[in-house]
Amino acid sequence: MSTFAGTDALAIASGYRHQNNPIQVTAQKNKDFSVVENTPLRKRAAAKGLIYGAATQTSTLCLDTKFATKFAQECAMLVPENELKWKALRPSFNSFDFTRSDWLAHFASTNKMLLRGHTLVWHESLPQWFKAIVNNRNAEQIMLKHITTVVGHYAGKIHSWDVVNEAVFPEHGRADGLRNTPWLKFLGLNYIDFAFRMAAQADPKALLVYNDYGLEYDTPGDEAKRTAVLKLLERLKSQGTPVQALGIQAHLEGEAPFNAKKLKAFLKNVADLGLKIIITELDVAENMLPKNILVRDRLVAKIYEDYLSVVLDETAVIAVLTWGLSDRYTWLRDQKFRKDGETVRPLPLDAQMERKLAWYAMARAFDQAPMRVF
Ligand code: XIL
């Protein structure tokens, strides 16, 4: 039996998305985070027919060998955090640079990991030249060339591609819930269908994913997002678009409760469309939680276990990916930094690469997950 000692804790916190509804978060001191054996996450997940992996960057793996070793031990799938985005791959209108992404692909195959593709069509991470060059006359050609070249380059080597990322944003006020993006402006709403068809042609083996955030909570914003995403997926399926899975980013918040019933119902609706589900970018922001590390870690771990126990109950969920593995390298350092100046602790390993309570929570969730039968 391997255990991780926690402490008695009661924390009161309110988060920015939930500030009209301050909540009391109780980290029960009796909550048990013990697991049997030291088996890494990738093996625990695999024992249930699941995949565990994480996002990382070329520079991190190159410079930090301790991290690279841990990454290979824990992860069965590698997600290039930025290396497959337009900004990284497209130094100019006419060129592609696969140097850094190829390095990651090589690292993944050397360490017997699957590789994800993230992401082909997104309104962010576009290169400088994009705005000056792309217009409604050439957008289709430019998207086609990008998808054909990038997906073609890795054809047969990618487990799943996030073909379209974050295309839904009900706040923009459109009846279909779509986000106003350059692609929508230039190509109209069929740009999503077009992207999926191009990707399917370039790599018939990769699982093609629609990926989005803000799908977890019982808030009016997330409710609207779930409804609009379902509407989009239904439309795509009914017109024969080759979308095969929904990617749920799952950037969670340590202080926010979620409604298990609503979450379950949403996952079931997605599964009923014949789609698989991947948790693509899981992490737990803890910038609104108390300073005490033992308290913080316990609250974060509880969110991991509570969330995953609901999500993994749905057998359409085939993989869980965290957005980073160690607190040393997390986008939340800049994105959701702490006002008290403490470093953030949103991931399974701490900055010294030691397993935290969050790791144990994930391990427990995998151990308790129902077996996937294919
Ligand atoms: C983030 C990366 O983690 C950062 O390093 C980068 O500066 C910006 O993008 N949703 C996504 C990811 O789909 O691509 C984003 O990754 C995080 C939010």
Side-chain angles (χ1 to χ4, degrees), residues 2-18 23-29 31-35 38 40-41 52-57 60 64 66-71 73-75 79 81 213 216 249-258 279-308 320-366:
S2 170
T3 47
F4 191 112
T7 191
D8 189 3
L10 176 73
I12 297 172
S14 67
Y16 75 97
R17 263 161 88 187
H18 303 268
I23 50 146
Q24 186 165 295
V25 188
T26 310
Q28 309 102 319
K29 77 168 174 191
K31 169 96 182 87
D32 177 20
F33 285 107
S34 60
V35 294
N38 285 318
L41 295 177
Y52 169 69
T56 188
Q57 304 190 25
T60 313
D64 190 335
K66 190 174 174 189
F67 174 77
T69 305
K70 290 281 174 182
F71 197 92
Q73 279 165 2
E74 297 286 355
C75 298
V79 189
E81 185 170 345
Y213 67 91
E216 296 81 20
Q249 292 188 7
H251 292 293
L252 304 180
E253 287 159 21
E255 73 287 357
F258 55 87
I279 306 303
T280 48
E281 305 184 14
L282 179 61
D283 55 17
V284 179
E286 43 79 283
N287 55 322
M288 306 303 283
L289 295 182
K291 188 171 178 177
N292 182 309
I293 285 176
L294 294 171
V295 175
R296 247 197 282 163
D297 281 2
R298 187 159 269 270
L299 291 167
V300 165
K302 192 171 178 318
I303 298 280
Y304 268 99
E305 194 171 333
D306 287 354
Y307 181 71
L308 286 179
V320 176
L321 295 327
T322 46
W323 204 243
L325 178 67
S326 153
D327 295 335
R328 184 176 285 260
Y329 309 108
T330 161
W331 75 309
L332 294 175
R333 273 185 177 215
D334 311 317
Q335 200 71 22
K336 299 264 177 92
F337 56 87
R338 295 182 59 87
K339 290 207 179 97
D340 57 20
E342 295 284 311
T343 26
V344 295
R345 301 173 65 83
L347 289 167
L349 304 186
D350 71 13
Q352 282 69 49
M353 310 304 151
E354 296 301 325
R355 290 169 173 175
K356 291 161 52 200
L357 272 190
W359 183 94
Y360 284 79
M362 292 198 79
R364 287 168 62 83
F366 287 136

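Sequence positions, counted from 1, serve as the residue numbers for this chain. As a basis for the values below, the full set of heavy atoms in this structure was taken, side chains included, without hydrogen atoms, waters or symmetry mates.
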**Request:** Check whether any side-chain heavy atom of L289 lies under 4.5 Å from a side-chain heavy atom of E255, and answer yes or no.
**Result:** yes
**Message:** So which atom in N287 and which in F337 form the shortest heavy-atom distance, rounded to 0.1 Å?
**Reply:** CB-O, 3.5 Å
**Item:** For Y52 against P348, the heavy-atom pair lying closest together
**Value:** OH-CG, 4.0 Å
**Request:** Compare every heavy atom of I303 with every heavy atom of A256, then report the nearest pair and how far apart it is.
**Result:** O-CD1, 3.8 Å
**Message:** Using every non-hydrogen atom in the two residues, find where A301 and A358 come nearest and quote the distance to one decimal.
**Reply:** CB-N, 3.7 Å
**Request:** Taking E286 for its side chain and G254 for its backbone only, find out whether a donor-acceptor pair lies under 3.5 Å.
**Result:** no
**Considering all heavy atoms, the nearest P346-V284 contact** = CB-O, 3.1 Å
**Asked** Going through the checks in order, is the side chain to side chain contact (heavy atoms under 4.5 Å, CB included) test met by V35 and W359?
**Response** CA-CA 10 Å; V35 294; W359 183 94; 4.2 Å; yes
**Fill in**
d(T60 OG1, F71 CZ) to nearest 0.5 Å is 9.5 Å
**Fill in**
Checking R296, R333, K356 against D327 for salt bridge (charged side-chain N to carboxylate O under 4.0 Å, His left out), the one that qualifies is K356
**Complete:** Nearest heavy-atom contact between A351 and R328 is O-NE, 2.8 Å
**Item:** L282 vs V320 side-chain heavy atoms within contact, under 4.5 Å
**Value:** yes
**Item:** Criterion side-chain contact (heavy atoms from CB on, under 4.5 Å) against T322, the qualifying member of E281, E74, M362
**Value:** M362
**Prompt:** Does the pair L357 and V300 meet the rule for a side chain to side chain contact (heavy atoms under 4.5 Å, CB included), with working shown?
**Reply:** CA-CA 8 Å; L357 272 190; V300 165; over 6 Å; no
**Message:** Working note: C75 + K70, criterion side chain to side chain contact (heavy atoms under 4.5 Å, CB included); need CA distance, chi angles, decisive distance, verdict.
**Reply:** CA-CA 8 Å; C75 298; K70 290 281 174 182; over 6 Å; no
**Prompt:** Out of L41, N38, D350, which one pairs with R355 under the side-chain contact (heavy atoms from CB on, under 4.5 Å) rule?
**Reply:** N38
**Asked** For the atom pair CG (L347) and OH (Y329), what is the distance rounded to the nearest 0.5 Å?
**Response** 12.5 Å
**Asked** Does a side-chain heavy-atom distance below 4.5 Å link S34 with R364?
**Response** yes
**Request:** Evaluate side chain to side chain contact (heavy atoms under 4.5 Å, CB included) for D297 paired with F33, printing each intermediate quantity in order.
**Result:** CA-CA 11 Å; D297 281 2; F33 285 107; over 6 Å; no
**Complete:** d(T343 OG1, L332 CG) to nearest 0.5 Å is 12.5 Å
**Prompt:** How about E216 and H251: do any of their side-chain heavy atoms sit closer than 4.5 Å?
**Reply:** no
